[in-house]
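In this chain, residues are counted from 1 in sequence order.
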Amino acid sequence: MVERAPYLTTRLQGFGATIFAEMSALAVRTGAINLGQGFPDTDGPPEVLQAAVDAIGGGRNQYPPGIGIPELRHAVSAHQERFYDLSYDPDSEVLITAGATEAIASALLSLCEVGDEVVCFEPYYDSYAAGIAMAGAVRRPVLLRGPDSSYVPEELEAAIGPRTRLILLNSPHNPTGKVYSRTELEHVAELAIRHDLLVVTDEVYEHIVYEGEHVPLATLPGMRDRTVTISSGGKTFSTTGWKIGWVCATPELVTAVRTSKQFLTYVSGGPFQYAIAEGLNLGDDYFRSLADGLRERRDRLSAGLADAGFDVWNSAGTYFVTTHLAPMGELDGVAFCWSLPERCGVVAVPSVVFYDSKDVGRPLVRFACCKRPEVIAEAAERLATLRSNG
């Protein structure tokens with residue numbers, strides 16, 4: 001039985017310290033290579049960093065406008081037009097947030113009544129469950145199955161009921177690395193239209209795609225006006241600590257999301273907003289090189305994990321590679337991850353924390369490939385000792 005946390009509201013019982021914080025602390029304590037939490041170990045583009053320095057030096061250190069500085073809103077609007085042929089009014093259809101996590105929480109708090117149901121795909125990033133709980137809503141997970149992370153269309157259809165308010169979709173997908181196909185997205189869109197649902201999409205890994213293509217759901221027929229598109233600069237520009245995200249949606253949806261957002265952080269990261277605007281205006285070569293560099297590291301890590309004896313699932317995007325422990329003779333990802341630093345000096349994350357279906361997630365472990373090539377190479381060498389040590 002899980003011990004009840006004193007004082008904590010019923011809605012948030014069970015939401016303690018995140019597994020990312022625990023595993024990162026374990027890495028620090030043991031001196032292990034941290035392939036658990038998804039943050040790069042290098043800084044972003046020099047011009048983006050310099051833009052932040054210039055903004056600080058230029059006195060842009062007070063509250064920015066509640067909806068975000070004009071430069072960044074216009075850059076986000078131009079980005080959507082440039083990459084996806086999506087047109088958003090920067091003054092009424094773009095909202096700057098404290099990262100994608102706040103954007104998702106604000107959307108759930110603003111759009112869900114108590115008792116509404118949110119359909120999401122499991123495994124899912126852990127903040128989704130917390131955000132749904134804080135909104136007083138109920139999550140209805142649909143399982144992504146096996147190495148290809150496919151879902152059964154009939155199961156998605158069955159998850160939608162009279163209390164369903166919205167579908168929460170993450171592509172490219174954390175933790176599996178799945179990039180939803182156009183056919184899958186068309187199925188989601190058809191259901192959303194048929195049942196008159198909203199869709200909230202988390203697209204923070206939009207520029208980190210190795211196979212297939214990133215198709216924003218809002219580009220599909222009938223979906224722009226019912227989709228809340230969320231992304232951020234943290235993953236694209238290796239500035240995860242800046243927490244600059246955004247929402248693109250109709251004026252009515254942006255107004256709704258802003259109503260919650262303004263009472264969470266109000267505003268954040270004023271100087272960093274100028275820097276992310278600079279980043280969004282970088283040339284195509286930057287965005288291509290981002291994915292190319294990470295693809296090489298994904299391949300190196302995947303090969304090292306396979307050599308160590310893991311069953312390695314293909315990752316088509318994101319920072320992550322999922323593995324199954326069965327070939328290692330182990331089935332408990334939590335116990336495995338807690339013992340891994342002592343056994344070979346590497347930290348990973350047990351995927352079970354992303355699942356409601358605990359039996360499915362229990363033997364899975366997620367590794368992050370967003371580290372320097374030499375770090376990935378060293379981690380692969382350390383992981384190889386698992387096989388040699390039996």
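Comment: Glu117 does not engage Arg163 in a salt bridge, judged by the lack of any side-chain N to carboxylate O separation of less than 4.0 angstrom. Salt bridge Arg343/Glu330: present, at least one basic N to carboxylate O contact under 4.0 Å. Between Lys178 and Glu184 a salt bridge is recorded (basic side-chain N to carboxylate O distance below 4.0 Å). Between Glu190 and Arg194, at least one side-chain N (NZ, or NE/NH1/NH2) sits under 4.0 Å from a carboxylate O, which counts as a salt bridge. Taking 4.0 Å as the cut-off between side-chain N and carboxylate O, Glu113 and Arg165 do not count as a salt-bridged pair. Under the 4.0 Å criterion applied to side-chain N and carboxylate O atoms, Arg145 and Glu155 are assigned as salt-bridge partners. A salt bridge between Glu378 and Arg382 is present, with a side-chain N of the basic residue lying under 4.0 Å from a carboxylate O of the acidic one. A salt bridge links Arg372 with Asp41; the closest basic N to acidic carboxylate O contact falls under 4.0 Å. In this structure, Arg182 pairs ionically with Glu213, as a charged nitrogen and a carboxylate oxygen lie closer than 4.0 Å.
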- [ ] Applying side chain to side chain donor-acceptor pair (under 3.5 Å), run through Ser24 and Asn34 and close with a yes or a no.
- [x] CA-CA 7 Å; Ser24 289; Asn34 187 356; 3.1 Å; yes
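In this structure, the side chains of Leu86 and Cys248 stay at 4.5 Å or more apart for every pair of heavy atoms.
None of Tyr84, Phe83, Tyr205 except one satisfies the ring-ring contact (aromatic ring centres under 6.0 Å, His included) rule with His214; the exception is Tyr84.
Stacking of Arg224 on the aromatic ring of Tyr88 is recorded, both the 6.0 Å distance cut-off and the 45° axial limit being met.
At distances below 3.5 Å, not a single donor-acceptor pair connects side-chain atoms of Ser77 with backbone N or O atoms of Asp89. With hydrogens and angles disregarded, a donor-acceptor distance shorter than 3.5 Å links the side chain of Asp332 to the backbone of Ala335.
Listed by first and then second residue, the side chain to side chain donor-acceptor pair (under 3.5 Å) pairs that reach into residues 231-245 are Glu206-Ser231, sequence neighbours excluded.
A donor and an acceptor atom, one from each side chain of Glu203 and Ser171, are nowhere located under 3.5 Å apart. Looking only at atom types and distance, the side chain of Ser87 has no donor-acceptor partner in the side chain of Gln80 under 3.5 Å away. Of the N and O atoms on the side chains of Asp202 and Tyr128, at least one donor lies less than 3.5 Å from an acceptor on the other residue. Counting only N and O atoms by type, the side chains of His173 and Thr176 include a donor and acceptor under 3.5 Å apart. Side-chain contact of Tyr124 with Arg139: a donor-acceptor pair under 3.5 Å is present, judged by distance alone. Side-chain atoms of His79 and His207 form a donor-acceptor pair, as typed in the model, at a separation below 3.5 Å.
A tilted orientation is assigned to the rings of His324 and Trp313, their planes being inclined by 30° to 60°.
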